[in-house]
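Atoms within each ligand, like the ligands themselves, are counted from 1 in listed order. Computed over heavy atoms, backbone and side chain alike; hydrogens, waters and symmetry mates excluded. Quick note: residue numbers are just sequence positions, from 1.
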Amino acid sequence: MKTAIIFGVTGQDGSYLTDLLIEKGYNVVGVARRSSVDTTERIGSQLQNNNFTLIEGDITDAFCVSDIINKHDPDEVYNLAAQSHVGTSFKQPTLTWDVTGGGCLNILEAIRLSPRKSEIKFYQASSSEMFGKNYSVREVHMGVSEALLGIDTEIQKFQDEDTPFIPQSPYAVAKLAAHHLAKIYRESYEMFTCNGILFNHESERRGENFVTRKITKYIATLKAAMEGERVDFSDVWELDEETLAWTPEGPQGHGETLYPKLRLGNLEAKRDWGHAKDYVRAMWLMLQQDDPDDFVVATGEAHSVKEFLEIAFRHVGVTDWSKYVFIDPEFFRPAEVDYLLGDATKAYNSLEWKPEIRFEQLVTGMMDGDLNEKLFRPHLQTVSDGCPEEG
Ligand code: NAP
Ligand code: G4F
């Protein structure tokens with residue numbers, strides 16, 4: 001039976017990877033940092049599994065990391081632990097550097113110094129965010145309808161393994177340092193290290209301060225609250241400009257209940273969004289190869305935040321979503337990554353990996369996930385929701 005250690009097991013990807021490896025018959029050791037509250041919600045279904053062990057550890061503590069590697073004799077080590085929020089990295093750059101960059105170095109060193117160095121395969125969670133402002137270009141042939149209009153080709157922007165990195169945030173710089181370190185350890189010490197350059201991937205388990213889940217959770221919460229108040233979701237009232245909240249004074253006479261608007265930043269940014277379940281499969285496949293390498297993992301489609309909003313609201317019958325959304329300068333970043341579209345041809349060919357879940361299905365699946373949660377969230381009755389510090 002193979003043993004895998006997952007750093008960052010309580011996160012979105014950590015939970016899906018745990019499910020996958022348990023299904024494949026692994027013994028999984030999940031590492032979670034100490035917290036004053038329970039962070040195991042996403043891996044709750046595995047906690048009683050005999051093949052799953054949850055241990056405490058923090059990747060910024062080199063001795064702790066080394067102790068974990070030596071104690072558990074892993075065949076595979078996955079580093080998914082990170083301060084993974086780009087916006088937060090501008091507010092907490094040092095912490096981001098220590099966790100997202102330094103944490104990877106601690107694991108690489110622990111493996112290098114282990115007597116089992118040559119038997120351990122290592123996966124590093126690199127990110128499309130490292131491309132930052134940069135992209136490659138190519139000419140693509142258009143479809144029949146465009147050809148009839150005399151347009152044969154267009155220039156497409158994309159990123160693949162050969163696109164140079166121009167990071168735009170402290171997070172991306174920390175990830176890039178970790179990425180290069182993993183390569184250097186591969187080339188200098190003959191270690192089996194792979195970088196998965198993953199484009200954005202989301203799910204029902206996505207953290208609530210990433211834009212996709214922030215949107216789906218808001219819509220589901222608002223709908224549930226309005227249904228609780230027997231108020232028609234598609235027919236809201238006048239906006240109180242001061243509180244940025246809807247104050248219903250309709251026939252039901254619900255008086256002062258407040259429904260805050262969804263506060264978002266840049267809606268024009270484009271991302272190549274896939275589903276986390278598909279992407280953890282690619283991580284595992286990388287470590288099953290004979291030789292270590294780096295791979296882009298992406299769907300090959302880019303959509304704007306606005307398109308995500310449109311599909312999510314349409315799913316609950318709302319076509320004019322603009323009246324629910326407030327563009328708040330607080331959520332704009334000091335530097336933005338405008339466009340990410342990955343070319344995963346290398347992963348398609350070498351790993352035989354392909355995404356199964358496409359954009360529209362991702363959005364509606366996330367909406368259903370939040371709609372089915374059916375929790376009543378009392379915070380909707382205040383206007384303090386959507387704290388800029390967190391989203
Ligand atoms: P996530 O949900 O934010 O999970 C991050 C995990 O890291 C959590 O389990 C977190 O623990 C843990 N962690 C944070 N600081 C730690 C520390 N000092 N020591 C040990 N663990 C620590 O992120 P994700 O979406 O699953 O992404 C997984 C990895 O892929 C991350 O490295 C991310 O940067 C990278 N990535 C993600 C995407 C994406 O679109 N999702 C794309 C490319 C790359 P807590 O539960 O205690 O917070
Ligand atoms: O959902 P986001 O915060 O994801 P972002 O910045 O692309 O980073 C995610 O993907 C990376 C891979 O490319 C990972 F490495 C990283 O760990 C993380 O998982 O923001 C997506 C876009 C951005 O352009 C942002 O400016 O949405 C825009 N946005 C607009 N309003 C917002 C908001 N983002 C957040 N988080 N909150 C907003 O209110």
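Residue contacts with ligand 2 for Phe210 involve both N, CA, C or O and side-chain atoms from C-beta outward (heavy atoms, distance under 4.0 Å). Contact annotation for Leu264 and ligand 2: heavy atoms of both the backbone and the side chain come within less than 4.0 Å of the ligand. At a heavy-atom cutoff of 4.0 Å, ligand 2 is contacted by no atom of Asp338, backbone or side chain. At a heavy-atom distance under 4.0 Å, only side-chain atoms of Val86, from C-beta outward, approach ligand 2. Heavy atoms of Gln159 found under 4.0 angstrom from ligand 2: none, in either backbone or side chain. Within the 4.0 Å heavy-atom criterion, the part of Ala269 lying near ligand 2 is the side chain and not the backbone. Contacts between Lys175 and ligand 2, counted as non-hydrogen atom pairs separated by less than 4.0 Å, are absent for every part of the residue.
Within the 4.0 Å heavy-atom cutoff, Gln168 does not count among the residues contacting ligand 2. Assignment of Glu202 to the shell around ligand 2 is not supported, since no heavy atom sits closer than 4.0 Å. Ligand 2 lies within reach of Tyr171, whose nearest heavy atom is under 4.0 Å from it.
Ligand-side atoms of ligand 2 in range of Lys214: 38 (C), 39 (O), range being under 4.0 angstrom from any heavy atom. For ligand 2, the atoms lying closer than 4.0 Å to a non-hydrogen atom of Ser128 are 12 (C), 13 (O). Residue contact check: Arg206 has heavy atoms under 4.0 Å from atoms 9 (C), 18 (C), 19 (O) of ligand 2. Numbered from 1 in the order shown, with element, the atoms of ligand 2 that lie under 4.0 Å from a heavy atom of Glu336 read 23 (C), 24 (O), 25 (C), 26 (O).
Using cut-offs of 30° and 60° for the angle between ring planes, the Trp321 and Phe313 rings count as parallel. Note: Phe359 and Trp273 have parallel aromatic rings, judged against thresholds of 30 and 60 degrees for the angle between ring planes.
With atom 33 (C) of ligand 2 as the reference point, the heavy atom nearest to it among Thr100, Asn209, Val325, Val211 is part of Val211.
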Please table the atom pairs, donor to acceptor, closer than 3.5 Å between any side-chain atom in residues 334-342 and protein atoms at least two apart or in another chain.
residue, atom, partner, partner atom, Å
Glu336, OE2, Asn266, ND2, 3.1
Tyr339, OH, Lys157, O, 2.8

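Between Asn51 and Tyr26 the shortest heavy-atom distance is CB-O, 3.6 Å.
A cation-pi arrangement is present between Lys121 and Phe192 under the rule of less than 6.0 angstrom and at most 45 degrees off the ring axis.
With Arg213 contributing its side chain and Arg206 its backbone, the two residues share a donor-acceptor pair below 3.5 Å. Within the 3.5 Å criterion, the main-chain N or O of Ala110 finds no donor-acceptor partner in the side chain of Ser114.
Applying the 6.0 Å contact sphere to OH of Tyr135 captures no more than 12 heavy atoms from other residues, nucleotides or ligands.
The aromatic ring centres of His303 and Phe308 sit 6.0 Å or more apart. Side-chain rings of Tyr171 and Trp97 stay apart, their centers remaining 6.0 Å or farther from each other.
His201 pairs in a side chain to side chain donor-acceptor pair (under 3.5 Å) with only one of the listed residues (Asp278, Thr212, Asp13), which is Asp13. Lys2 pairs with exactly one of Asn27, Val28, Asp75 by the side chain to side chain contact (heavy atoms under 4.5 Å, CB included) rule, that one being Asp75.
Taking only nitrogen or oxygen atoms, main chain and side chain alike, Trp273 does not reach within less than 3.5 Å of ligand 2.
Residues Pro167 and Met130 are not in side-chain contact: their nearest non-hydrogen atoms beyond the backbone lie 4.5 Å or more apart.
Within 4.0 Å of ligand 1, protein heavy atoms belong to Gly8, Thr10, Gly11, Gln12, Asp13, Arg33, Gly57, Asp58, Ile59, Leu80, Ala81, Ala82, Ser84, Val99, Ala125, Ser126, Ser127, Tyr171, Lys175, Leu198, Phe199, Asn200, His201, Arg206, listed by chain and number.
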Determine, stepwise, if the pair Phe295 / Leu351 fulfils side chain to side chain contact (heavy atoms under 4.5 Å, CB included).
-> CA-CA 9 Å; Phe295 294 92; Leu351 306 178; 3.8 Å; yes

